[in-house]
Amino acid sequence: MLLTKGRGTPGYAAPEMWKPFPVTQKCDVYSFGMLLFEIVGRRRNFDEDVSESREWLPRWIWNMFDNNKLEEALSFCGIEEQDREKAERIIMVALLCIQHSPEARPLMSNVVQMLEGDKEIASPPSPFQHLESPQGNSAQDSGTDEDCSSSASGTKTYEQSERHSN
């Protein structure tokens, strides 16, 4: 299906919904990922009434994850200690679901398996790389080359497993 104008709810619709690209089931995966953020964050994915750094929940969560502060973010969201492991699993799946490229998003069947703990969750790459300048990606610049290659290899492994499960 090819759309000529943007469709869907802003903030929940996949990026390809706003461009003349094919719409697939991966659009639903993106929207589901946004809902997962809201469940853990206990708020809408965009809230202009909070500080600018936390305004867009997915970006704030990614920045906290990328800076090894996910535990702090979960605490800030009011997630109790006994629920943190589940909440972290949900966040990791959500980050995979909202990847900019539809091909990088998991199948919904794999999302279910990851949420249930039946499938390993690869470390997600930044879903916001497309927003970074080509000269310097703040997420990559803050990490080591080893960190970047392990993310890339984790993604490659994940994408390979996706192809085999289709």
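Residue numbers count from 1 along this sequence. All heavy atoms count here, side chains included; hydrogens, waters and symmetry mates do not.
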Quiz item: How would you list, by chain and number, every residue that makes a side-chain contact (heavy atoms from CB on, under 4.5 Å) with Asp118, sequence neighbours excluded?
Solution: Gln113, Glu116
Quiz item: Got a second to check how far Gln25's CD is from Ser109's OG, nearest 0.5 Å?
Solution: 9.5 Å
Quiz item: What are the two closest non-hydrogen atoms of Leu96 and Ala122, and how far apart are they?
Solution: CD1-O, 4.0 Å
Quiz item: Quick one: CD1 on Ile98 to CE on Met34, what's the gap to the nearest 0.5 Å?
Solution: 5.5 Å
Practice problem: Of all the heavy-atom pairs spanning Arg89 and Gly117, show the shortest one and how long it is. | Solution: NH1-CA, 3.6 Å
Quiz item: Does the pair Glu103 and Ser101 meet the rule for a side-chain hydrogen bond (donor to acceptor under 3.5 Å, both in side chains), with working shown?
Solution: CA-CA 5 Å; Glu103 296 80 25; Ser101 167; 2.6 Å; yes
Self-check item: Same apolar cluster: Val29 and Val112, side chain cutoff 4.5 Å
Solution: no
Exercise. Kindly give the heavy-atom pair with the smallest separation between Gly41 and Cys77, and that separation in Å.
Key: CA-SG, 3.8 Å
Exercise. Enter the distance from Cys97:SG to Met108:CE here, rounded to the nearest 0.5 Å.
Key: 6.0 Å
Self-check item: Short side-chain to backbone donor-acceptor contact, Asn67 and Asn63, under 3.5 Å
Solution: yes
Exercise. Starting at CG of Leu36, measure out to CD1 of Ile61 and round the result to the nearest 0.5 Å.
Key: 11.5 Å
Quiz item: At their closest point, which heavy atom of Cys27 faces which heavy atom of Arg105, and how far apart are they?
Solution: N-NH1, 3.9 Å
Quiz item: Is the side chain of Gln99 donor-acceptor paired with the backbone N or O of Pro125 at a distance under 3.5 Å, no angle test?
Solution: yes
Practice problem: Can you see which heavy atom on Ala87 is nearest to which on Val40, and at what distance? | Solution: O-CG2, 4.0 Å
Quiz prompt | Residue pairs involving residues 78-110 (criterion ring-ring contact (aromatic ring centres under 6.0 Å, His included); sequence neighbours excluded) | solution = His100-His130
Quiz item: When rounded to the nearest 0.5 angstrom, what distance separates CD1 in Ile91 from CE in Met64?
Solution: 11.0 Å
Quiz item: Can you check whether Val111 reaches Leu107 side chain to side chain, under 4.5 Å on heavy atoms?
Solution: no
Exercise. Can you tell me which residue pairs pass the salt bridge (charged side-chain N to carboxylate O under 4.0 Å, His left out) test with a partner in residues 69-78, sequence neighbours excluded?
Key: Glu71-Arg84
Quiz item: How about Ser126 and Trp62: do any of their side-chain heavy atoms sit closer than 4.5 Å?
Solution: yes
Quiz item: Going by heavy atoms in the side chains, are Asp83 and Leu74 under 4.5 Å from each other?
Solution: no
Quiz item: For the residue pair Ser123 and Met92, what are the closest heavy atoms and their distance?
Solution: CA-CE, 4.2 Å
Self-check item: Inter-residue atom distance Ile90.CD1 - Leu95.CG, 0.5 Å rounding
Solution: 12.0 Å
Exercise. Please collect all ring-ring contact (aromatic ring centres under 6.0 Å, His included) contacts where either partner lies in residues 31-60, sequence neighbours excluded, each pair once.
Key: Trp56-Phe128, Trp60-Phe76
Exercise. For residues Pro102 and Tyr30, determine if any side-chain heavy atom of one lies less than 4.5 Å from a side-chain heavy atom of the other.
Key: no
Self-check item: side-chain hydrogen bond (donor to acceptor under 3.5 Å, both in side chains) partners of Glu80, counting only residues at least two apart
Solution: Gln82
Quiz item: Does Glu38 have any side-chain contact (heavy atoms from CB on, under 4.5 Å) partners at least two apart in sequence or in another chain, and if so, which?
Solution: Tyr12, Leu35, Arg44, Asn45
